[in-house]
Number of protein chains: 2
Amino acid sequence: MKNEDLRAQFQIMTRHFGFLNKSCCSAGGFDISLIQSHILYEIDHQHKASVQKVADVLGTDITTFSRQIQSLIKMNLVKKTPDPDDRRVYILSLTTEGTYVATSIDQQINAYLNEVFSHMNEFEQETVIRSIKLLNNAMTKSSVCCTPPLG
Amino acid sequence: MKNEDLRAQFQIMTRHFGFLNKSCCSAGGFDISLIQSHILYEIDHQHKASVQKVADVLGTDITTFSRQIQSLIKMNLVKKTPDPDDRRVYILSLTTEGTYVATSIDQQINAYLNEVFSHMNEFEQETVIRSIKLLNNAMTKSSVCCTPPLG
DNA sequence: TTATTTATTTGCATTTTGCAATTATAAAAC
DNA sequence: GTTTTATAATTGCAAAATGCAAATAAATAA
C-alpha cells in the first residue's frame with residue numbers, strides 16, 4: 001500500500017462524513033448541531049456521565065463543554081443531577097424529550113448509513129463493518145493518537 | 001448486522017478521527033488547524049482551484065472560506081492568481097512554503113495512520129484499506145448524503 | 001486544621017461564523 | 001449594443017463558539 005494513497009482515502013472519507021453530519025439532524029423541533037448530537041449520544045451511552053467525564057471523552061475544553069450543556073438544559077434535552085457520593089460532581093442524563101431526540105437522531109443517521117450501504121453487496125457490507133471495528137480497535141490501541149487524553 | 005451497532009461504530013470512528021485530527025498539525029512554525037489542512041490538501045489536489053470550487057468541495061460557506069483563504073495568504077502558504085479566462089475568478093495555489101507545509105502535514109498524518117495500522121496484521125490492513133475505498137465509493141454514489149451539494 | 005487537589009462555573013477577550021449587501025465581471029435577453 | 005440577469009468574490013455586522021484565567025465549592029492529603 002502506498003502512503004499517499006492511505007492519507008488520501010482517509011481525507012476523502014473524512015470529507016464525506018463531514019457532509020453526512022452536516023445534513024444531520026433536526027428532531028423535536030430543534031436543529032441539533034453535530035457537537036450536540038455527540039453529547040446526547042455520549043450521555044445516553046455512559047454510565048453516570050459526569051460533566052468532566054463526557055467533556056474528556058469528547059475532547060472538548062471543560063469550560064466550553066459546561067456552556068454546551070447549559071444550552072442543552074435550556075432546550076430541556078439534558079438534566080443535571082448532583083452526585084450524592086461527591087457533591088462537586090453533577091451527573092448528566094437525558095430528559096424524556098432528550099431521549100426522544102437522541103433516538104430520532106439515531107434513526108436518521110442509521111437511515112443515512114443504510115442508504116450508503118445499499119450501494120454495496122452483502123459481502124462488501126460485512127467487510128466494511130468488520131473493517132471499521134478493526135480500525136476502531138487499532139485506534140484504541142494506538143499510543144500516538146486518537147484517544148482522549150491524546151498524544 | 002444490527003443498526004444500532006452500525007451507528008455506534010461510526011460514532012466511535014468519528015470520535016477517534018476527531019482526536020487524530022486535533023493532535024495535528026504543526027509545520028513551518030505554524031499551527032495548522034484541521035480546516036486549514038483540508039484547504040491546503042484540496043488546493044494541492046485540484047486542478048485550477050478557484051475560491052468557489054474549493055469552498056464547494058469542502059462544504060464551507062463562501063464568505064467564511066474567503067476569510068480562511070485570506071489568513072492563509074497572510075501566512076504566505078497560499079496565493080491567489082486572477083484567472084485570465086474569467087476575471088471574476090481567482091485561482092488558488094500553494095506557495096513554496098505552503099507546499100512544504102502541506103507535505104509536512106501529509107507526512108505527519110501518514111505517520112499517525114501507519115502507527116494505527118501497525119496494530120493490525122497485513123491481511124487486516126489490506127481489508128481495511130479496501131473497505132475504506134468501498135465506503136468512499138458508496139458515499140459518492142449516495143443521493144441522500146455525503147457529497148458536496150449534499151441532500 | 002490547613003494546604004492541596006479536583007469539579008464545575010463565570011468573566012472576558014478573541015475567533016469563527018453566516019446572512020445581507022456590495023463590487024466586478026460574464027453571459028443572456030432584447 | 002445596451003440592458004438584464006447571473007456568477008465570483010469580498011466586506012459589514014451582529015451572533016455564536018471558543019478558551020484562558022479566575023472564582024467557587026467540595027473532597028482529599030499533610
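Here is the naming used below: chain letters follow the sequence lines, and residue numbers restart at 1 for every chain. Treat the numbers as computed from the prediction; the structure is a model and nothing was measured.
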Next item on the list: Could I get the full list of side-chain hydrogen bond (donor to acceptor under 3.5 Å, both in side chains) partners for A:Thr64, not counting sequence neighbours?
Entry: none

Next item on the list: Using side-chain hydrogen bond (donor to acceptor under 3.5 Å, both in side chains) as the criterion, list what pairs up with A:Thr63, not counting sequence neighbours.
Entry: A:Asp61

Checklist line | A:Arg88: salt bridge (charged side-chain N to carboxylate O under 4.0 Å, His left out) partners, not counting sequence neighbours | finding: A:Asp86

What pairs of donor and acceptor atoms, side-chain ones from residues 65-82 of chain A against any protein atom, are under 3.5 angstrom apart with sequence neighbours left out?
from, atom 1, to, atom 2, distance (Å)
A:Ser71, OG, A:Gln68, O, 2.9
A:Asn76, ND2, A:Glu97, OE1, 3.4

Item checked: Whichever hydrophobic residues join B:Ile12 through chains of side-chain contacts under 4.5 Å -> none

Margin query: Please enumerate all residues that pass salt bridge (charged side-chain N to carboxylate O under 4.0 Å, His left out) together with B:Glu42, with sequence neighbours excluded.
Written below: A:Arg15

Next item on the list: Taking the six-membered ring for Trp and the full ring for Phe, Tyr or His, determine whether the centres of A:Phe10 and B:Phe17 are under 6.0 Å apart.
Entry: yes

Margin query: Using a 4.0 Å cut-off to any heavy atom of chain A, which nucleotides of DNA chain D are the first and last in contact, reading 5' to 3'?
Written below: D:dT18 to D:dA27

Item checked: Hydrophobic cluster of A:Ile91, others only, ordered by chain and residue number, side-chain cut-off 4.5 Å -> A:Val89

Margin query: Any heavy-atom pair between the side chains of B:Phe117 and A:Leu6 that's under 4.5 Å?
Written below: yes

Item checked: For chain A, the stretch of DNA chain C it reaches, first to last nucleotide, under 4.0 Å of its heavy atoms -> C:dT6 to C:dC12

Next item on the list: Within residues 63-76 of chain B, find the residues that approach DNA chain C with a heavy atom at under 4.0 Å, and present them sorted by residue number.
Entry: B:Thr63, B:Thr64, B:Arg67, B:Gln68

Next item on the list: Apply side-chain contact (heavy atoms from CB on, under 4.5 Å) to the pair A:Ile62 and A:Gln52, showing each step before the final yes or no.
Entry: CA-CA 7 Å; A:Ile62 183 71; A:Gln52 182 79 273; 3.6 Å; yes

Item checked: Interface with DNA chain D, restricted to residues 77-93 of chain A and to heavy atoms under 4.0 Å -> A:Asp86, A:Arg87, A:Arg88

Next item on the list: Indicate whether the side chain of B:Gln108 and that of B:Ser104 have a donor and an acceptor atom separated by less than 3.5 Å.
Entry: yes

Checklist line | Contacts of A:Lys48 that satisfy salt bridge (charged side-chain N to carboxylate O under 4.0 Å, His left out) - sequence neighbours left out | finding: none

